[in-house]
Structures are given as structure tokens and as C-alpha cells.
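The structure under discussion appears below in the form of C-alpha cells.
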Amino acid sequence: MVPMPTDEVTLLGDATKDARFIQWPKDYLKVVPRMSLSLDSPSSSPSSSQQCSPLDHPTTSSSSPLHHPTVSEPKCDLQPNCDLQVEERLPTPATMSQGAPKKIPPKKLPPKQKNIPLKQKNLPPKQKTPPKQKQKRNHTVLPQKESSTIEKYLQVLAKRPMNIRNIADKFINKPKSGDFILVPALDGLYDEFYCDRIFYDSVLGWMSNGWLDGTILHWWGMHLYRLVQNGFKDNKCGIFNPSEIDFRLCRTHGDKVLKHIESTLRVQQDKTIFIAPYLQCEHWVLFVICPLMKTGYILDSLNKSWNKEPSFYSLTPLVEAACRGTSCGTSSLDWNWNMVKCPQQEATWECGYYVAIAMFELFFKLQSNFPHNVWNDIKPRTTRHIDEWVENSVSQFYSIHFSQT
């Protein structure tokens, strides 16, 4: 008997009349792989101990083989040497064999094209970003002022004298917390607790010949008061708080200013000379008040024409009213105000520095024989004189508040 080819198997006999022939549905044949049985082949013959089972779907699970849902499982009576061969036809003309599948040759892909960027016309050249500048460790950031103001201070400080630059460098790189330093008032000055907030950018302005803040002048007055109190047995000078006698307060809250003057005169009743830095219209003026003598002296460094009168300043009537309400004097006597011939400034920024230097001169030079010794010179102060005061005062401020932190 000539064996039939294995790639195309036919059923011998009348397959249509054989009830044992199972015609598998086409959908199932698409799932089950093509199998070709040649019962005459030794490799496909089952062993004597193994029963022939229907064609099973190859699976890795333990479930039963897949069967057509409408066909019951037939019993296989095929013997090992029977000539029955099964043909499974796929809907396609091509047939599958037990051999290895043919390799599909890879399709030739078109060669990769380089990504050629589109030509950009009329575009400006890219600008190089400047490199980030490394900040020093613990560099002070001063957010309460505009960045332009801080930058201006730093640019001015770079051109200041070497001693001032050294102090500024130590101050800037000193570790700090917050934006300001709290400076409480000295005991024995006021009837209640008071504390100034000295902002760090105000200190930069102090060192760069910028605006001198009232908190700086108040600290300077308290510092001089403490030095004289510790060095001299007879200190005649007392001080007022510049923040409590401001021009705006005199105009809007005169009762508050009056209360501060009265309480300060009462607490410092052993003093005969009171120093009061006073700010009016963004200009610093120094008031020197002698309550027992009913006399006041006004040092205005911006009065070259001598056209300013004591009535020009809003503080004068409040000082008179406060002294009338205390034991300093009676209401029947009028006050005597004097416009002092003091050094006159050449620009617009020096007023605070002129007031600070005059405070130092009064505490250490003039108080012992005041008011016989008063200022009587309108010659402007030199820049060197101002720089010397800045160097001296900032050094003392730094040593007191930052040297031990």
C-alpha cells in the first residue's frame, strides 16, 4: 500500500456515510492548529497501553479539551493499523504541515531620513543667559525694601572708605534671623516699655550716606546717654523718642505727642537739657529743650536764608503746652525760642548726619556750660567728618548687637 502524502490527507471510503466522521466547524479549525495524521507512520501510532482519544486542543491549563458544543464526544474505534486518515481543510488554499513554520523574510524598510530642521527666517539670535552669581554664605537678604534700593546701597558701599567697607562686609555676612533687630529702650527713660525695630536695610543706608532712619537716631541718643551716665557723675541731658514726636503725629495725634513729652519730663525730672531729634517734611531738625529756663533751641541745617521761624515747626506749641502742665513752669510765662547758627548742609541727604553729630557734641562738649556755649558757625561739615562719625557709630552698634551672636 502506497502511503498518501501527509500534507494533504483524504478519507478512504465514503466519508459522508461514515457516522464516525466528524466535520469540525471552520471557526474551530482556525483555532486548533493543523494536524496531519498518518496512522501508518511509527511516530504517530499510539502505544498499546494508551487509548486513542479525540483530537484535543493543546493548552497549558488543566481544563478539559475544547469540543464543539452541538456534537457529543464520539467513541474512537480506530485501531493502530487502520487506513483511516483525516483531512482538515482550511478555508484558504494553503495547508499547514508538521514542519517548522516558514520564516517570513523581513520587509525592507525605507532608509531613515535625517531630521532636517526647517529653515527659520528672520528670527533674532539666541541671547546667552548670564551665569548665576554665587552668593556668600549667610548672605543677608533684605526684602522689606525694593531690590533697587538695596542694590543702590551695595553699589555705594563698594566705593566707601576701606574701614566702612570692612564693617559693611562683616555686617552683611553675619548670620541673622528676620529682617530687623529689636532694641529695647533703656531703663529710666520712659514710663512704659518701648522697643525699636531697626531694619537691616536701614543699617546699610546708615553706612552708605543714605537716609538716616529715626530708629538709628534714637539708638544713637540712648547710646550717648548710657556712655555719659556711666562716665560722668553729673549728666544734665535727657532724650525724647523721635518716633513719638513725629511731624505727622503732631498734626494728627497731638494728644499722644503731648502725653509722651509730659511723661518723659516726669520720668527724667533730674535732667535740665532734653535732646529731641524731630522730623518735619522729610527733614531732620534737632530740638534742644530747657524746660526750667522756658527756652528752646532749634538747629536746622537747611536754613541758609534764615527765613524759618519757630512757629514753622509743629512741635513748638506742644512742647510749650506740655511744660505748662508740669512743674517746669507756669502758663503766665512765654517761651523763648532760638534759631541757632549751626552748620548748613550742602546737599539734601546730610540732615540726619548733622543732627547725630550735634547730639554727640552736646553730650560730650557743650552740656557742662550750656547754654552759654552754643553753636555759632554755619560752615558745612566735611565729608571726612561725616565718614568718621559713621565709622565710629556703626562700629559701636555692631560690637553691641552682633559681635556676640
Could you tell me how the ring of His260 sits relative to the ring of Tyr190: parallel (under 30°), tilted (30 to 60°) or perpendicular (over 60°)?
tilted
Do Phe363 and Val228 pass the side-chain contact (heavy atoms from CB on, under 4.5 Å) test, and can you show the C-alpha distance, the side-chain angles, and the key distance before you say yes or no?
CA-CA 7 Å; Phe363 265 105; Val228 176; 3.6 Å; yes
State, without any angle test, whether Trp337 and Glu320 hold a side-chain donor-acceptor pair at a distance under 3.5 Å.
yes
For the rings on Trp284 and Tyr353, is their centre-to-centre separation under 6.0 Å?
no
What distance separates Arg197 CZ from Tyr200 OH, expressed to the nearest 0.5 Å?
12.0 Å
Under the side chain to side chain donor-acceptor pair (under 3.5 Å) rule, what do Gln280 and Tyr278 come out as? Steps first, then yes or no, please.
CA-CA 7 Å; Gln280 178 161 322; Tyr278 171 68; 2.5 Å; yes
Worked check of side-chain contact (heavy atoms from CB on, under 4.5 Å) between Asn235 and Gln367
CA-CA 8 Å; Asn235 176 32; Gln367 72 158 309; 3.4 Å; yes
Heavy-atom closest contact (Leu279 atom, Phe247 atom, distance)
O-CB, 2.9 Å
Apply the test side-chain contact (heavy atoms from CB on, under 4.5 Å) to residues Leu189 and Ile239: give CA-CA distance (whole Å), side-chain angles for both, the deciding distance (0.1 Å), then the verdict.
CA-CA 8 Å; Leu189 292 182; Ile239 61 172; 3.9 Å; yes
Of all the heavy-atom pairs spanning Pro371 and Val374, show the shortest one and how long it is.
O-CG1, 3.1 Å
Taking C-beta and beyond as the side chain, do Ile198 and Val203 meet within less than 4.5 Å on heavy atoms?
yes
Any donor-acceptor pair under 3.5 Å linking the side-chain atoms of Gln344 with those of Ser301?
no
Output every pair passing salt bridge (Lys or Arg N to Asp or Glu O under 4.0 Å) with a member in residues 349-378, not counting sequence neighbours, ordered by first then second residue.
Glu361-Arg381
List the steps, then state whether side-chain contact (heavy atoms from CB on, under 4.5 Å) holds for Leu299 with Phe287.
CA-CA 6 Å; Leu299 284 73; Phe287 273 64; over 6 Å; no
Between Lys341 and Trp306, is any pair of side-chain heavy atoms under 4.5 Å apart?
yes
Gap between atom CD1 of Ile150 and atom CG of Asp201 - 0.5 Å precision:
4.5 Å
How long is the span from the CG atom in Leu212 to the OG atom in Ser202, to the nearest 0.5 Å?
9.0 Å
OG1 of Thr264 to CG of Asn241: how many Å apart, nearest 0.5 Å?
8.0 Å
Would you mind reporting whether Ile386 and Tyr354 have side-chain heavy atoms less than 4.5 Å apart?
yes
Between Lys294 and Asp334, is any pair of side-chain heavy atoms under 4.5 Å apart?
no
Sequence neighbours excluded - salt bridge (Lys or Arg N to Asp or Glu O under 4.0 Å) pairs with any residue from residues 306-316:
Asp300-Lys308
Would you say CZ of Arg226 has more than 12 non-hydrogen atoms from neighbouring residues, nucleotides or ligands within 6.0 angstrom?
yes
For Tyr297, the option from Trp375, Phe370, Phe274 that meets ring-ring contact (aromatic ring centres under 6.0 Å, His included)
Phe370
Is the count of non-hydrogen atoms from other residues, nucleotides or ligands lying under 6.0 Å from Arg251 atom CZ greater than 12?
no
Judged by atom type as modelled, is there a donor-acceptor pair below 3.5 Å linking the side chain of Asp213 to the main-chain atoms of Thr215?
yes
Does a donor on one side chain and an acceptor on the other come within less than 3.5 Å for Asn392 and Glu388?
no
Interatomic distance, CE@Met293 vs CD1@Ile289, rounded to 0.5 Å, equals 13.5 Å
Measure the acute angle between the ring planes of His223 and Trp219, then classify it against the limits of 30° and 60° as parallel, tilted or perpendicular.
parallel
List the steps and the verdict of ring-ring contact (aromatic ring centres under 6.0 Å, His included) for Trp220 and Trp389.
CA-CA 11 Å; Trp220 179 240; Trp389 174 81; 5.5 Å; yes
Measuring only between side-chain heavy atoms, which start at C-beta, is Arg160 closer than 4.5 Å to Asn166?
no
Could you tell me whether the side chain of Leu315 reaches within less than 4.5 Å of the side chain of Val257, counting heavy atoms only?
yes
Please tell me if the side chains of Leu318 and Cys250 come closer than 4.5 Å, counting only heavy atoms from C-beta onward.
yes
For Gly238 versus Tyr225, what's the shortest heavy-atom pair and its separation?
CA-CE1, 4.3 Å
Rounded to the nearest 0.5 Å, what separates atom NZ in Lys259 from atom CD in Glu262?
10.0 Å
Looking only at heavy atoms, what is the nearest atom pair of Val394 and Trp206, with distance?
CG2-CE2, 3.5 Å
Shortest non-hydrogen separation from Gly188 to Val267 and the atoms involved:
O-CG1, 3.5 Å
Does the ring of Phe402 carry Lys170 above it, NZ/CZ under 6.0 angstrom from centre and within 45° of its axis?
no
Under 4.5 Å between any side-chain heavy atoms of Cys323 and Pro291, yes or no?
yes
If you draw a 6.0 Å radius around CG in Asp270, do more than 12 non-hydrogen atoms from other residues or ligands fall strictly inside?
yes
Scanning both residues in full, the closest heavy-atom pair of Pro277 with Leu286 reads N-CD1, 4.0 Å
